[in-house]
Amino acid sequence: MGSEGALGASRPVLYRWGAWCARHAWRIVAVWLIVLVGAGLLLPKFTDSLTGSSLKVEGSDSARVEALLTDEFDTPITEDALVVFDSSTLKADSDAYRQAVTRVLGILQKQDGVVEVENPYTAQDPSLYSSDRRTVVAPLGLGGGERDRQDAVPLLQDALHEATGDGAVRAYLTGSSALNAAVVEQQDKDIAQAESIGLPIALVVLLLAFGTLVAASLPLILGMVAVLTTFGVLGALSGMIGFDVFVQAVVTMLGLALGIDYCLFTVTRQREELAARDGDVEASVGATMSTAGKAVLFSGITVLISVAGLLVVRAPVFRTMALGVMVAVAVMLLVGLTLLPAVLGLLGTRINRLAVPGLKRSLERTDTSKSLWTRWTGVVMRRPVLIGGLTSVVLLLAIIPVSQLKLGFDVGAASVSDAPAGKGYELVDGKFVPGAATPLQIVVHTPDGELGDRELGALQRFTDRLRDHREVDDIVSLSDVLRDQGGQVDAATLQAVQKADTAGALERLVSPDARTTAMLVMSRSAADSQESVDLVRWIRDSAAPETIGEVPGLSARVGGLSGQTVDIAEEVERATPLVLLLVLGLSFVLLLLAFRSILLPLSAIVMNLLSVGAAFGLLTLVFQEGTGASLFDVTSTGFIQAYLPLLTFVILFGLSMDYEVFLISRMKEEWGRTHDNKKAVTEGVAHTAKVITAAAAIMVVIFAAFMLTKVVEVKQMGFALAVAVLLDATLIRVVLVPALMSLLGRHNWWMPAWLDRSLPRIELTEGSPGDIPAVPRGGAADVEEASSSRREEPAARS
């Protein structure tokens, strides 16, 4: 066998890869510098392409409404918005007020994206004026897609500001796109604030963990490299895929937390290997990558698999979120497997430079038998039923509120109350009916022929039924127009009114082929309120079937923001079992292959579900029920954002596997040497508890920093992630895991022999520092010598 063949046979692939990266470090760093320049150029493309949260669900009622409005009607209007005029000194009846409104509307009509503006003074509609006559609303029709409308909003807001100046009458544009644009802008500010708080604290934690400034700075720098590169990749993809603004926050949170986390584990192992190998840089980097690097790779794959479960949800918000997170994790793995070993090779022993006085840590292999974690684990394993039982009770009590969890959607008006869209929304909410800013859209359609007498009669009964509902404030319906202009609601009147409509006033109410009619329903409550959601369900389940449903083939579909909220909640309910099955099933298979055990994967899944469930329970208690909300500076909305629980579950499940992999792999290493379950569990906790605690502290700090933001879903996710990681790294990993493994004893490591033989081997264990010999640089004789010495000294598999 040649030297290359012997080398390949004697050393793990990741060992040789790590050594190669250390040897060719400058080349790798140069490539990454080019990548970072490209990512920096693509970053603005990503941030500029972000849209507000979309609740569209493929195949849903609200999606069908949007499609019918686009396909069946000639009007280019795709959104109904409002221009809100307000004055503290003038009333709408004054000439100055009228002139200001007329001037502003005249300027708006010339702006791109504006299809139609209704002048409240010519409309003669009293509902457009507030009771104190100081606030007036003008309906505004916007055209284009969601991205186009959101891009147009800032330009329209600027036009309104220039038109009113410092005058007595102020003008604000509000509605779905306006609020979304404001949320995007606010979230940019929030992310910058969270980073400015979280990163310095993370550096302090890293200094406490490492004791030297160089080692502490490395995970932080590479974490930011991972985030920037991810945004660059997403920028390249944004030309084909539209990303929700929430993707930016999630990628930033996970990118920083996971990037720092992975680097923390790797750098910790590298320093141990350097000390064990007397400063042999290439050998230490190779050994580090074949142990900690392999664990990082496996952890990243579990996160990817977990997040991929979201792809089965029929909603773009979940799929783009999954894509964004998967790109982030893939980039982090690429950084951890290429740039990190290269930088470790360049630094060599200099990684221990710039020691902080009083914080320098010994890097020599130490006896863990007298450590605090060893003593604690001994206490747990002597009383596993008592300590494990009490911990389980605490977690189960935290899980109980999940049974009351309600899904809804907050449009984010409170988080942008200082922006023009938020001010306009508050004026509508306080002086008009809140639903006027985001009305329900209802489409009544017959697939065959025109709307005849029977269909129009059903439409009239449907309209009257809606108008009698206590939650409905106003309706714009074809039946009302026919009754007002022709006295009858029948086919003949429809034809006559259509012929007389030379100004196109009916083009938004009835399609050219007269097969489809659209309605607007203004709710007395906000679109994101439970009352509006209940109204949608009542229309779909009761009003529409009992009136429209009486005519064969005639259908009524409800859309708008409230309709989308109902649809996304129902889709989450439908998809959750499938996502759980995929995530849990694939995770079990991966852990089975890694740990060669039946019970370890099952217990890992149960432990992860406990931490995630407890986090959801506390999330429900604080954000939905309002318990302790003032401590976190949050206002209870009465529900949790519709897409948050499922998204948070897959992310948390993947994150929890990080600690499980690092902890159990170290236990399995000791079990392979001693076949002593108590020693394996004790040594595993003693060797990993410190680094897991530091990693968890960094994650908690970064996630908690995002709770200081104003956008409600970012607050909720930051809270859920911080709480889950805190519980996972404390109650789960250092209490429940050793307690359960003590009770199971040798059964922890049991696996049927036939199954063990039939499965491929990708076992994930970490050798102790110095166990893996250096890669020989000589010929075949040197390789054989290294192989012989390895046979003489038992080494852990890696």
Side-chain donor-acceptor pairs of residues 35-42 under 3.5 Å, sequence neighbours excluded:
none

Would you please test Ile305 and Val583 for side-chain contact (heavy atoms from CB on, under 4.5 Å) and show each step?
CA-CA 7 Å; Ile305 288 176; Val583 172; over 6 Å; no
Under the ring pair (Phe, Tyr, Trp, His ring centres under 6.0 Å) definition, can you give me all pairs with a residue in residues 327-354, not counting sequence neighbours?
none
Can you give the donor-acceptor pairs under 3.5 Å from side chains of residues 330-350 to other protein atoms, not counting sequence neighbours?
| from | atom 1 | to | atom 2 | distance (Å) |
| --- | --- | --- | --- | --- |
| Thr338 | OG1 | Trp32 | NE1 | 3.0 |
| Thr338 | OG1 | Leu334 | O | 2.4 |
| Arg350 | NH2 | Leu346 | O | 2.5 |

side-chain contact (heavy atoms from CB on, under 4.5 Å) partners for Ala604, two or more places apart:
Leu591, Glu660
Which residues pass the side chain to side chain donor-acceptor pair (under 3.5 Å) test with Trp373, not counting sequence neighbours?
none
Might you point out which heavy atoms bring Val183 and Val416 nearest each other, and give the distance in Å?
N-CG1, 3.7 Å
Can you find a side-chain donor-acceptor pair between Gln270 and Thr288 that sits under 3.5 Å?
yes
Which residues satisfy the side chain to side chain donor-acceptor pair (under 3.5 Å) test with Glu185, sequence neighbours excluded?
none
Run Leu708 and Lys715 through side-chain contact (heavy atoms from CB on, under 4.5 Å) and show every step you take.
CA-CA 7 Å; Leu708 303 177; Lys715 273 180 173 286; over 6 Å; no
Heavy-atom closest contact (Thr230 atom, Gly324 atom, distance):
CG2-O, 4.4 Å
Non-neighbouring partners of Leu644 that pass side-chain contact (heavy atoms from CB on, under 4.5 Å), sequence neighbours left out:
Phe246, Leu619, Ile640, Gln641, Thr648, Gln716, Met717
With Phe265, which residues qualify under ring pair (Phe, Tyr, Trp, His ring centres under 6.0 Å), at least two apart?
Phe662
Please give me the minimum heavy-atom distance between Gly293 and Leu14, naming the atom from each residue.
C-CD1, 4.4 Å
Taken in chain and number order and not counting sequence neighbours, the residues that satisfy side chain to side chain donor-acceptor pair (under 3.5 Å) with Asn608 are Arg733
Got a second to check how far Leu33's CG is from Ile28's CD1, nearest 0.5 Å?
12.0 Å
Residue pair Val285 / Gly18: nearest heavy atoms and the distance that separates them
CG1-O, 3.3 Å
Taking the side chain as every heavy atom from C-beta outward, state whether Lys294 and Met289 have any pair of such atoms under 4.5 Å apart.
no
Walk me through whether Met667 and Val737 qualify under side-chain contact (heavy atoms from CB on, under 4.5 Å).
CA-CA 11 Å; Met667 291 180 180; Val737 169; 4.2 Å; yes
Once the angle between the rings of Trp20 and Trp17 is folded into 0 to 90°, is it parallel (under 30°), tilted (30 to 60°) or perpendicular (over 60°)?
parallel
Under a 3.5 Å distance rule, please check whether Ser196 uses its side chain to pair with a backbone N or O of Gln193 as donor and acceptor.
yes
Determine whether Thr377 and Val734 make a side-chain contact, defined as any pair of heavy atoms from C-beta on separated by less than 4.5 Å.
no
d(Met607 CE, Leu663 CG) to nearest 0.5 Å is 10.5 Å
Return yes if some donor-acceptor pair links the side-chain N/O of Ser284 with the main-chain N/O of Val281 below 3.5 Å, else return no.
yes
Any non-hydrogen side-chain atom of Gln248 less than 4.5 Å from a side-chain atom of Phe243?
no
By side-chain contact (heavy atoms from CB on, under 4.5 Å), which residues pair with Val612, not counting sequence neighbours?
Phe616, Phe649, Leu652
Counting N and O atoms only, with roles assigned by atom type, does the side chain of Thr682 sit under 3.5 Å from a partner on the main chain of Lys679, one being a donor and the other an acceptor?
no
side-chain contact (heavy atoms from CB on, under 4.5 Å) between Phe298 and Leu590, worked out:
CA-CA 9 Å; Phe298 186 84; Leu590 276 178; 3.9 Å; yes
In short, Ala729 meets Ile692 closest at the heavy-atom pair CB-CG2, 4.3 Å
Would you indicate whether the side-chain heavy atoms of Leu254 and Phe703 approach each other to under 4.5 Å?
yes
What residues form a side-chain contact (heavy atoms from CB on, under 4.5 Å) with Leu43, not counting sequence neighbours?
Thr47, Leu228, Phe231
Taking C-beta and beyond as the side chain, do Ile702 and Ile698 meet within less than 4.5 Å on heavy atoms?
yes
Could you tell me the separation between the CG atom of Leu736 and the CD1 atom of Ile732, rounded to the nearest 0.5 Å?
5.0 Å
Any side-chain heavy atom of Val735 sitting closer than 4.5 Å to one from Thr730?
no
From Leu727 CG over to Ser611 OG, what is the distance, rounded to the nearest 0.5 angstrom?
7.0 Å
Looking at side-chain heavy atoms only, is the closest gap between Leu234 and Lys45 below 4.5 Å?
no
Nearest heavy-atom pair of Ile197 and Pro200: which atoms, and what distance?
O-CD, 3.5 Å
Rounded to the nearest 0.5 Å, what separation is found between the CG atom of Leu721 and the CG atom of Leu726?
12.5 Å
Side-chain contact, heavy-atom cut-off 4.5 Å: Val307 with Val329?
no
Not counting sequence neighbours, which residues clear side chain to side chain donor-acceptor pair (under 3.5 Å) with Ser306? List them please.
none
So, taking the atom named CD in Glu273 and the one named OG in Ser290, what distance separates them when rounded to the nearest 0.5 Å?
7.5 Å
